[in-house]
Amino acid sequence: MKQQLKKDTHVSKVIVITSGKGGVGKTTSSAAIGAALAKRGHKTVVIDFDVGLRNLDMIMGCERRVVYDFINVIQGDAKLKQALIRDKRVDTLHVLPTSQTRDKDALTQEGVEAVLNELREEFDYIICDSPAGIERGAHMAMYFADEAIVVTNPEVSSVRDSDRVLGLLSSKTHRATQDGAEPIKAQVLITRYDKARIDKGEMMNVDDVLEILAVPLLGIVPESPAVLKASNVGVPVVLDDPSAAGQAYEDAVGRLLGEEIEIKVDGERRPGLLRRLFGRTA
Amino acid sequence: MSRFGFPLWPRRAGSAQTAKDRLQILLAHERSGSAPDYLPQLQREILEVIARHVKVDREAIDIRMERGDELSSLEINIELPTAKR
């Protein structure tokens, strides 16, 4: 029955994962959100827009299987289906890797639009993993989006850059420039959340961040050793061993799909006695 | 760290070793310049040669690659139409 429902309401949403600042967890989040959607049976593709600095393939663990890439498809050197890599763990999950070329102009607006339109016919969710910055790659990743997830750390430069990106989402995108189009639905995903430091008043809390950015909160992902471990082995954190970070992504995806899930703000684990005595070591 | 040609302690069992192994394999390929940039050209040339002998659909080609540390494999599947007379 679920299948029937899905067929009747073929959503095909383009969701950009963006942030402005680098290193906040865009690619980790793209991989986790894409995998969590696919796990629920939605046909999902994650596209790497970081031309020249391919990394999504490593985080998703398919780096040895890249033959053709996004730019090859745009330039007509390969068919889309040749460039798509099907995940070996979840068969509704696909990756479209980016190119290692240094020619950023290869990412043309017409090319991106054509590829997205072709993907829309086949996929329920198209996750665009934006590069850092606000240059061409980042612009193209957000341009055709229906929804945006702005990944933010509770830290001044990250929040400032997120605010800048939210401004671009509401002014320099396809939806923003089309008369009468619904604006992009933007939500904040707070990552690397360190409850201990927030409790000590060393880090801004969620309310502080939301008050500044004034957009809805999609979820809070705790700082967690599980994230580094998952990237080491090339497994999206939601497909790896159960962890607080993995659960936080699962919950965020539930909310993305309209489910009412309470937002938890627990850390990975409470510091033990030894940790408290000797302080935090990495 | 190794001395006298063998590691002083056994390989770390943790995920960091996996990360290092994956990077070494990938970077060895990327640094040698053997990143598969030549594949579109290779695909065109292979199809040209085959088209001299058999009528083939330009779209009916599938190329897969699997890179490993020992060897990599390139799998090329070309659909040949059955001769209907």
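Below, read A as the first sequence line, B as the second, and so on, with proteins coming before strands; counting in each chain starts at 1.
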Take atom CD in Gln109(A); do more than 12 heavy atoms of anything else shown fall under 6.0 Å from it?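 Counting neighbours around CD of Gln109(A), more than 12 heavy atoms of other residues, nucleotides or ligands fall under 6.0 Å, so yes.
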
Is the CD atom of Gln75(A) crowded by more than 12 outside heavy atoms at less than 6.0 Å?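 Yes, CD of Gln75(A) has more than 12 neighbouring heavy atoms, counting only those of other groups under 6.0 Å.
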
Any donor-acceptor pair under 3.5 Å from Arg64(B) side chain to Arg65(A) backbone: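 No: the side chain of Arg64(B) does not pair with the backbone of Arg65(A).
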
Tyr249(A): ring-ring contact (aromatic ring centres under 6.0 Å, His included) partners, not counting sequence neighbours: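 Listed in chain order: nothing, the list is empty.
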
Interatomic spacing from SG in Cys62(A) to CD in Glu66(B) - rounded to 0.5 Å: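 Rounded to the nearest 0.5 Å, the SG-CD separation comes out at 10.5 Å.
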
Which is it for Leu23(B) and Met58(A) under the side-chain contact (heavy atoms from CB on, under 4.5 Å) test, yes or no, and what are the steps along the way? CA-CA 9 Å; Leu23(B) 278 170; Met58(A) 276 237 113; 3.8 Å; yes

Show the nearest heavy-atom pair for residues Arg64(A) and Ile25(B), with the distance to one decimal.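 In this case the closest contact between Arg64(A) and Ile25(B) is NH2-CD1, 3.0 Å.
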
Please find the pair of heavy atoms, one from Lys229(A) and one from Ser15(B), that lie closest to each other, and give the distance.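 The answer is CG-OG, 3.4 Å.
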
What part of Ile63(B) is in contact with chain A, defined as an atom under 4.5 angstrom from a non-hydrogen atom: side chain, backbone, both or neither?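 Both parts, heavy atoms under 4.5 Å.
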
Does a salt bridge link Asp77(A) with Arg44(B), judged by any charged N lying under 4.0 Å from a carboxylate O?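 Result for this pair is yes, salt bridge flagged.
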
